[in-house]
Protein chains: 2
Amino acid sequence: MNESTSPAPARRSDATRRAILEAARERFAADGYERATIRAIAHQAKIDPSMVMRYYGNKEGLFAAAVAIDLKLPDAASLPRGEEGRTLVTHFLDQWERNEVLTALLRVGATNDAGAERMRGIFSDQLLPLARRVCPDPEQAPARAALVSAQLLGLALTRYVLRFPPAVHLHPEEITAWLAPTVQHYLTAPHPGP
Amino acid sequence: MNESTSPAPARRSDATRRAILEAARERFAADGYERATIRAIAHQAKIDPSMVMRYYGNKEGLFAAAVAIDLKLPDAASLPRGEEGRTLVTHFLDQWERNEVLTALLRVGATNDAGAERMRGIFSDQLLPLARRVCPDPEQAPARAALVSAQLLGLALTRYVLRFPPAVHLHPEEITAWLAPTVQHYLTAPHPGP
DNA sequence: AGCATAGGCCAACAAGTGTTGACCTCGGGG
DNA sequence: CCCCGAGGTCAACACTTGTTGGCCTATGCT
């Protein structure tokens, strides 16, 4: 619908490609890397397993294509001062509820090194720069970003992967009310000292 | 060395059984459930794969035996009032650094439902009761315990599973200095309200 | 000493995996 | 109209997995 801006030649098989990617995300998110077999993905996409190979080369390539996504973190400069924690938490929750790519990434990252590497990349490409701009001493940025990611990924883990019942039943507003001050603290509070 | 108190008949194969369990924990912790093959475990334990089946029935049984462990959380009554957060964090860090069972459990829990169920059991059997005794309104205990587990497991995830470099390089004392107030807050602070 | 038995190894099975290549089948441009 | 290539299916490959049963070995009891 927008041929001029996108360099893609708009092949006739685009619908199938999308179906494969969608099924792949769902299976990876539900089963992890090993148990999400190409046959199961192909079955769910209602096509033949060999099509997956034709379009994505091999399973690694399929996974890479399925989790190629941008977090679109808000720019650090545009954040209201003092509200960085709240903004981050709501943004994360929103992304996580909307699409299952992040759940797939987290589940795969726990057992597959390519997945873990992808998570490390997201961390250092997107969260770290933000921390560098927000937190007082840039030298402390990596540690502070690590603390923030531990808090946020910990919530995702217990809520979307391990499915602890109380974590699942928490309302998004309640999560924000609890986590936002913590994240804000990790980003901007003075170092507590050992 | 203590035959009277232990009901185990002290079989001659106990050394082998221990070797299998040790290798199993190491492989599960490093590779997760699927990629930790019985053959790999047997090879590391320097015995035949069929011995694993003989002693533990099947792979599920081996996993169950390998992760049958008690967190040994300190009793809520014995905690110094106001220091529950610090005690919990140091205790968790200590357990996690000491043996790899917890890493195995976390890694497997991300993809295997038996593993996730085991984690949910530990949560509700060990952390929840503690929260019920420590936090002001017992009705809020599940939510508060969930927040605490999100913070603690998030740290374990980024440090021992995903291995974010800044999380790996954090010193235990620094982790405690940052996390103890957070955990204490989640346990005892008044509800922030949505 | 003799032997039952627990400890251990070897080879094989059936099932499921990623991956490949040969083969159909249309749809649109010459 | 024909045909050619992209889209799609089928069957098979080589390999790995969990699991099994038969066989050997040596330990400890009588």
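Basis for what follows: all heavy atoms, side chains included, without hydrogens, waters or symmetry-related copies.
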Counting primed atoms plus P, OP1 and OP2 as sugar-phosphate and everything else as base, spell out the protein contacts along nucleotides 10-19 of chain D at 4.0 Å heavy-atom distance: B, S or - for each nucleotide, 5' to 3'. B-B----BBB

Whole angstrom is fine here: how far is it from [atom1] in [X] over to [atom2] in [N]?
X       : N      : atom1 : atom2 : answer
A:Asp14 : D:dA6  : CG    : P     : 14 Å
A:Met51 : C:dC24 : CE    : C1'   : 13 Å
A:Lys46 : D:dT9  : NZ    : P     : 12 Å

Least distance between heavy atoms, B:Arg107 atom then B:Ala29 atom: NH1-O, 2.5 Å

Among all residues two or more places apart in sequence or in another chain, which pass the side-chain hydrogen bond (donor to acceptor under 3.5 Å, both in side chains) test with B:Ser50? B:Asp48

Lys/Arg cation over aromatic A:Tyr55: A:Arg17, 6.0 Å, 45° cone: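 Satisfied, under 6.0 Å and within 45°.
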
Mind checking B:Tyr55 for me? I need base, sugar-phosphate or nothing, with any heavy atom below 4.0 Å counting as a touch.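 It contacts sugar-phosphate atoms only.
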
Identify each donor-acceptor pair in which a side-chain atom of residues 142-158 of chain B lies under 3.5 Å from a protein atom, sequence neighbours left out, and give them as a table.
from, atom 1, to, atom 2, distance (Å)
B:Arg144, NE, B:Gln140, OE1, 2.9
B:Arg144, NH1, B:Tyr186, O, 2.9
B:Arg144, NH1, B:Leu187, O, 3.1
B:Arg144, NH1, B:Ala189, O, 2.9
B:Arg144, NH2, B:Gln140, OE1, 2.8
B:Arg144, NH2, B:Ala189, O, 2.6
B:Ser149, OG, B:Ala145, O, 3.4
B:Ser149, OG, B:Ala146, O, 2.9
B:Gln151, OE1, A:Tyr186, OH, 2.8
B:Thr158, OG1, B:Gly154, O, 3.0
B:Thr158, OG1, B:Leu155, O, 3.1

B:Tyr33 vs B:Phe63 aromatic rings, parallel, tilted or perpendicular, using cut-offs 30° and 60°? perpendicular

Check: A:Asn112/A:Glu34 side-chain N/O donor and acceptor closer than 3.5 Å: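 No, no side-chain donor-acceptor contact under 3.5 Å.
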
